[in-house]
Number of protein chains: 2
Amino acid sequence: MNTLMNYTAENLWIIQQKGFDPSLQGKSEAIMTLGNGYMGSRSTEEEDYIGMRRDTFVAGTFNQFDENEVTELPNMPDLWNMNFKFNGRRLSLLQGMVSDYQKSLNLQNGELTRSFIWEIEELKLRFHYRRFISKTRLHFLASELTLENLTEMPVQVEAFSGINGQMTNSGSQHFTEGVKGYIENRYLQMMPQTSQSKIDFVLTVDHRLSENLEDLTKRAIMDRRAIYDQIKFVLKAGSSIQLEKRANVYTSIDKDLEDHSINFMRTNAIEEMKATADKSFDELLAESGDAWQQIWQKHPIKIQSNNFRDQLAIRFAQYHLHSTVPAHDERMNIGAKALSGEGYKGHAFWDTEVFMLPYFTFAHPEIAKSLVTYRYLGLEGAHKKAKSNNFEGAQFPWEAAWPTDGEVTPLLGAVDVVTGLAMKIWSGLIEQHITSDIAFAVKNYIDVTGDVEFARDKAYELLIDTAKFWSSRLEWSADKNLYEIRDVIGPDEYKEHINNNAYTNYTAAWNIRYVINLIEELKTSDTESYGKLDAKFNLSSLTRDLQEKLPLIFLPEPTVDGIIPQDDSYLTKKIIDLSPYMGEENIGRIHENYNTEQVNQIQVTKQADVLLLMLLFEGLFDKKLKLKNFDYYEPKTTHDSSLSLSTHAILSADLGKLEQSYDFFKRACDIDMGDYMRSSDDGIHAASLGGIWQMTIFGYGGVRMVDGKLRIEPHLPAEWSMLDFGFDYQGESLSVSVNHDGFTVQKKNNGTSVSFSYLDKIYTLVDELKFSF
Amino acid sequence: MNTLMNYTAENLWIIQQKGFDPSLQGKSEAIMTLGNGYMGSRSTEEEDYIGMRRDTFVAGTFNQFDENEVTELPNMPDLWNMNFKFNGRRLSLLQGMVSDYQKSLNLQNGELTRSFIWEIEELKLRFHYRRFISKTRLHFLASELTLENLTEMPVQVEAFSGINGQMTNSGSQHFTEGVKGYIENRYLQMMPQTSQSKIDFVLTVDHRLSENLEDLTKRAIMDRRAIYDQIKFVLKAGSSIQLEKRANVYTSIDKDLEDHSINFMRTNAIEEMKATADKSFDELLAESGDAWQQIWQKHPIKIQSNNFRDQLAIRFAQYHLHSTVPAHDERMNIGAKALSGEGYKGHAFWDTEVFMLPYFTFAHPEIAKSLVTYRYLGLEGAHKKAKSNNFEGAQFPWEAAWPTDGEVTPLLGAVDVVTGLAMKIWSGLIEQHITSDIAFAVKNYIDVTGDVEFARDKAYELLIDTAKFWSSRLEWSADKNLYEIRDVIGPDEYKEHINNNAYTNYTAAWNIRYVINLIEELKTSDTESYGKLDAKFNLSSLTRDLQEKLPLIFLPEPTVDGIIPQDDSYLTKKIIDLSPYMGEENIGRIHENYNTEQVNQIQVTKQADVLLLMLLFEGLFDKKLKLKNFDYYEPKTTHDSSLSLSTHAILSADLGKLEQSYDFFKRACDIDMGDYMRSSDDGIHAASLGGIWQMTIFGYGGVRMVDGKLRIEPHLPAEWSMLDFGFDYQGESLSVSVNHDGFTVQKKNNGTSVSFSYLDKIYTLVDELKFSF
């Protein structure tokens with residue numbers, strides 16, 4: 001395999017690429033994405049290459065190109081571009097000789113660097129670029145080039161750098177051109193507006209040049225949808241200079257702006273530029289690095305492994321989760337591709353609740369609160385969706401953008417190999433388990449954090465509303481004398497239009513059961529909340545309805561062989577040799593040979609489905625049953641979804657299959673960091689980042705919430721000699737240190753205690769508890 | 001100067017580029033543009049490079065991106081793309097070694113070829129591409145690659161070729177994505193629609209492969225806004241294969257389709273593919289070449305010159321005029337950049353009437369008729385414009401798109417070096433001479449062709465309507481006791497908001513005078529037309545109005561020094577050293593140092609203005625006066641407009657300055673064909689093509705219409721030993737042969753005669769007349 005990625009044990013904070021190949025740059029563009037949750041930007045080269053994807057997104061700024069497309073995060077005008085001519089020759093690493101090339105992301109402070117020496121004919125130049133998006137100043141970003149002339153001849157330099165609004169989302173243009181200006185003969189400014197959502201952007205660029213530039217001229221050049229500085233100077237023999245590009249980004253939905261008029265935003269942008277003018281690039285970078293440091297210091301995770309990449313992987317995961325999570329605004333969520341690519345249009349899926357949210361719930365509950373609040377704000381959209389489908393309550397959209405939008409899943413996907421037409425995407429219509437996924441995640445958030453205020457203000461309402469949806473969703477089967485859920489897609493998206501997907505039915509039933517108990521409890525213990533909710537939902541009548549239906553919901557039972565049927569028909573479908581479709585090199589390849597309908601007829605599973613159910617609701621199934629189902633479904637699972645491996649890793653660890661588990665772990669970590677150079681082209685796999693944390697903390701750290709209670713049951717894979725980690729639990733900060741002999745759990749002794757279980761015994765932790773294996 | 005262009009005396013039909021530099025490809029992309037008037041496409045490389053502009057336009061398919069932009073010809077999905085990987089390595093001429101590179105356009109049959117040998121590591125391959133847009137089948141285009149493996153090792157080939165709708169107009173996307181399909185497991189299809197004008201496009205591609213391909217696999221891949229065939233095969237050692245790509249293009253405004261439903265158009269497109277399936281690439285090319293041959297044979301122009309490029313230049317001009325003129329549809333006109341680039345958005349200007357139309361009027365009157373009909377259809381838009389400006393009659397738009405649109409000039413242009421903001425473009429508001437330019441061209445069309453039917457059906461109405469506009473446009477000056485025309489831009493666009501531009505006032509007065517006479521004549525000689533027009537215009541009242549005003553129109557008189565003031569203030573403005581702004585290398589450079597207001601204060605002229613007036617209305621001014629004005633204005637004219645040099649060339653030839661004239665001629669021919677590699681990036685200069693024909697036929701051939709009568713007074717420059725040409729005149733076909741001793745005029749003796757003047761004497765031509773100098 002042709003990989004450019006280069007990881008070393010020497011520095012476990014560095015994601016590095018050695019060597020340059022424009023057809024493989026999608027990898028480093030995506031996995032080195034810079035971001036601060038307000039905005040994110042792929043780490044493209046400063047100069048242009050065919051195939052590069054200069055994507056920069058501002059969280060929440062969704063726009064719909066036209067009525068045939070769904071709303072998506074628009075790719076805003078590019079601010080990083082910097083093209084050069086030296087003695088009239090355009091800088092391109094495809095020509096001449098390139099040496100000492102390296103591009104790397106420092107996860108610790110969010111700094112991207114790129115350096116190389118370029119030789120061609122009379123030229124020999126050394127380039128060293130640095131850039132960051134500030135974690136402190138959410139609107140600010142900067143890049144700096146140190147350019148050195150390694151010859152004894154002066155070089156005529158022409159830099160062309162500015163704001164390029166010719167960017168699109170693969171051809172869809174979301175912005176008006178907007179007014180452009182050259183302010184105070186210094187600042188480039190552009191003010192595009194999104195075409196449908198009418199969000200104003202104000203983009204400002206300031207170039208700062210070393211003082212020793214000879215024959216310097218600088219002038220603004222307006223192109224269509226673009227404004228540039230053309231900077232010309234002579235780079236003396238053997239000399240080096242610095243060229244800095246600072247930029248800021250404001251939009252009319254920014255919560256931190258008191259005034260969203262264009263004029264205010266323009267002035268404000270220039271003022272920020274002036275206010276930071278006295279600070280050097282290094283000072284601004286250090287400021288941002290301090291904010292990153294606070295994240296790293298909160299619950300440091302230390303892994304001692306035979307494979308140094310395990311430590312790097314968990315940092316990689318945390319870095320990206322924090323560079324993409326919009327902690328500043330609860331009207332926004334995390335896209336399935338983070339802010340690192342156009343894939344999935346910036347939409348949030350169950351990926352957030354089932355895969356990413358647990359990290360924030362346990363490690364940064366204040367951020368988790370923002371994310372669950374997003375779903376509360378999404379009730380309006382969920383009502384809209386339920387209503388349009390003739391259901392009641394809150395049916396959450398499969399894909400979500402602005403919280404009140406409701407369903408935004410596109411309707412057409414890739415080409416059908418049989419009909420030659422684009423395949424219909426059914427998820428937005430019939431992949432319905434997301435509603436219970438969200439309910440389950442909200443319940444876990446309350447259990448882990450003990451955030452009663454959120455529960456009373458928002459969570460109870462959301463939980464009841466989702467149970468109400470499920471109740472209306474159930475379909476009576478006169479045959480079975482039971483309620484069914486027909487015509488759905490479960491987590492395994494290779495099965496469309498199936499009846500009684502086990503995952504969907506069990507989680508729906510859980511949602512209803514939980515809410516029956518919740519209402520009962522509130523009635524006695526929190527009459528104020530009960531009263532408020534009763535006014536909204538008529539709780540006694542709702543309870544009656546739920547209670548009547550719950551025992552009649554069809555929950556697929558194990559077959560005589562102990563297999564829970566994934567759905568009504570799965571076990572009757574044909575079994576084929578799946579080996580051509582297994583392994584990271586064959587992801588999605590099954591669709592090259594079978595269309596959706598044909599895949600529907602095969603016992604093949606795209607991603608953990610019954611097994612995920614067994615992981616999330618572990619109390620419902622005994623270990624023997626889990627083992628049987630693991631052995632049945634695992635060989636039929638292609639892991640074509642990046643959401644799959646981590647589930648299998650954790651479940652197999654639970655089942656004592658640690659060797660197999662660690663194999664899943666490594667494969668899961670490699671979804672983005674690995675050698676398949678094209679796998680991150682459309683963006684990183686945000687859910688798999690959450691999966692990396694879950695495999696580590698839930699899988700090997702053994703942390704789990706079971707029926708609302710904390711359990712800690714670590715078990716390290718053979719390759720690991722030690723794992724240290726920490727998390728927040730109900731307002732307390734716990735840390736755990738595990739090795740092959742046993743583990744220690746610590747908490748600051750502040751006079752309180754928390755309890756947790758270990759091997760079915762309950763322990764009360766005041767300051768420290770030690771366990772031996 | 002770094003030029004890649006290569007012209008040789010050996011073949012005077014070939015526009016050739018030797019050597020490849022992607023930053024200079026704009027030149028050959030534009031000047032080798034293929035087209036058939038229905039569509040035009042820049043001749044970009046098949047594989048992608050940074051900086052290339054894959055523009056393909058279908059005439060008349062205007063669309064407005066949003067309310068801030070003006071309507072423009074949308075850049076449709078690209079059909080020429082063909083990207084390759086060989087043994088996994090992407091074809092890029094920036095890497096490896098390229099030899100025998102040549103790219104050339106054969107003007108004779110409209111065939112573009114490109115060939116080269118590419119060597120990199122284990123690979124050595126020879127490429128030979130050919131392509132054409134059919135001049136016979138207006139919707140059809142094809143390209144063919146012959147690929148040869150020059151090594152003794154087999155090569156794994158992957159071609160990626162299809163329909164790429166990620167194209168934009170510099171970032172503005174005019175199309176919906178549209179439905180895509182893979183029809184009969186063979187034809188790629190895409191059906192985008194323009195966003196505002198709702199024009200449906202149906203694009204179909206068929207790949208045809210040699211039969212000797214080893215290990216061939218082919219499958220359709222849908223990307224966003226794109227559909228491709230991925231074709232893989234093994235190219236055996238030393239073998240060669242052919243890969244052909246055929247495509248067709250239909251739109252819902254096509255006049256030749258009886259049904260504009262998508263379904264009909266789709267089926268029709270596939271049927272055309274099947275109907276041509278039996279024909280080889282060579283046969284289809286030959287068919288198209290035959291149509292070109294008919295054009296070349298009609299009035300062949302032969303130039304014997306010391307400079308072989310003169311012959312090439314006139315063919316270059318004719319080729320491009322015919323590849324862009326929408327002869328098939330009178331609702332369309334010729335854009336200022338033809339169909340060869342995004343510049344000027346596909347809009348038609350006075351460039352058509354004053355610079356290009358004379359060619360068609362004299363050489364292809366049936367095409368000229370279509371072009372003047374476009375203006376007749378444009379009366380609706382012209383009424384709209386007049387009304388919105390509180391004028392009467394027909395005020396033609398400065399920039400025109402769909403005929404009924406009215407004014408479509410954009411409002412903002414390049415950056416103002418003083419204020420830092422985009423400069424306002426005033427032409428759409430106050431550059432008004434186009435209305436008399438059109439009237440003058442229509443009058444000439446009638447005079448030259450004798451097309452009485454067009455005159456009676458359309459031209460009289462247009463002429464009267466424009467005179468009516470001018471009458472309403474006149475402003476009474478109590479000071480002068482005269483009518484003025486204030487606050488205009490004349491042909492010299494470096495002077496904005498001026499009063500009494502000589503060109504504007506004289507041509508407006510001509511328009512009024514002509515119509516007074518026309519009405520008088522119709523009243524007695526064509527009472528039917530008179531009656532029809534009287535019903536529309538109330539001719540007696542209109543005539544009274546025109547007659548009253550005509551003698552009171554202020555027509556700038558020569559100063560004591562014999563200079564006609566370009567406008568009221570020009571001669572009082574300051575005179576500066578203009579040498580830094582002269583010459584093709586400095587075009588537009590004056591705006592780097594002066595903003596519009598400052599340029600307004602200098603005696604500098606962008607392009608022929610008073611001198612153009614003296615050329616078009618030569619009877620109004622005596623030779624002495626013309627000489628004085630030529631000597632005054634020429635040194636102040638930067639020729640920053642491509643419309644300027646040809647006028648100066650013809651006028652100086654008229655004035656006996658043949659040496660200077662020939663210098664202008666060469667510079668004018670080099671506007672596109674010359675060595676300034678960036679000058680055609682936004683498209684070729686369509687008006688200058690007409691200028692090349694005018695310099696040849698009007699300038700040196702001495703053909704002219706003076707007061708409605710034909711004059712032939714040839715005078716060759718010293719470098720030319722012979723000029724043969726022909727033209728149509730009032731239904732007769734004339735040919736002229738000139739050398740330094742005299743000239744011969746011939747006409748087929750069909751019993752009729754035509755008369756023309758030579759040196760103030762009138763001659764009657766029956767079959768042949770010979771003149772000695």
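We name chains A, B, ... by the order of the sequence lines, and we start the count at 1 in each one. Here the structure is a predicted model, which means the values were calculated and not measured.
- Taking the ring centre of B:Phe65 as origin, the terminal cationic atom of A:Arg225 falls inside the region bounded by 6.0 Å and 45° from the ring axis.
- With chain A as the partner, the residue from B:Asn169, B:Asn68, B:Asn164, B:Leu188 showing the most heavy-atom pairs under 4.5 Å is B:Asn169.
- The contact between B:Thr168 and chain A is made entirely by side chain atoms (from C-beta outward), counting heavy-atom distances below 4.5 Å.
- Only the side chain of B:Glu342 comes within less than 4.5 Å of a heavy atom in chain A; its backbone stays farther off.
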Q: Give the intermediate values and the outcome of side-chain contact (heavy atoms from CB on, under 4.5 Å) for residues B:Ile50 and A:Arg90.
A: CA-CA 11 Å; B:Ile50 287 296; A:Arg90 196 174 79 84; 3.8 Å; yes
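- The 12-atom threshold is not exceeded at OH of B:Tyr344, counting heavy atoms of other residues, nucleotides or ligands nearer than 6.0 Å.
- Within a 6.0 Å sphere centred on OH of A:Tyr581, other residues, nucleotides and ligands contribute more than 12 heavy atoms.
- In this structure, B:Leu94 CG and A:Tyr49 OH are separated by 10.0 Å, a value rounded to the nearest 0.5 Å.
- Judged purely by atom type and a 3.5 angstrom limit, B:Gln173 uses its side chain to pair as donor or acceptor with the backbone of A:Gly171.
- Contact of B:Asp66 with chain A is made through the side chain alone, with heavy-atom distances under 4.5 Å.
- In summary, the side chains of B:Arg224 and A:Ser172 do present a donor paired with an acceptor at a separation below 3.5 Å, with no hydrogens or angles considered.
- Each of A:Glu69, A:Glu184, A:Glu177 has some count of heavy-atom pairs under 4.5 Å with chain B, and the biggest count is that of A:Glu69.
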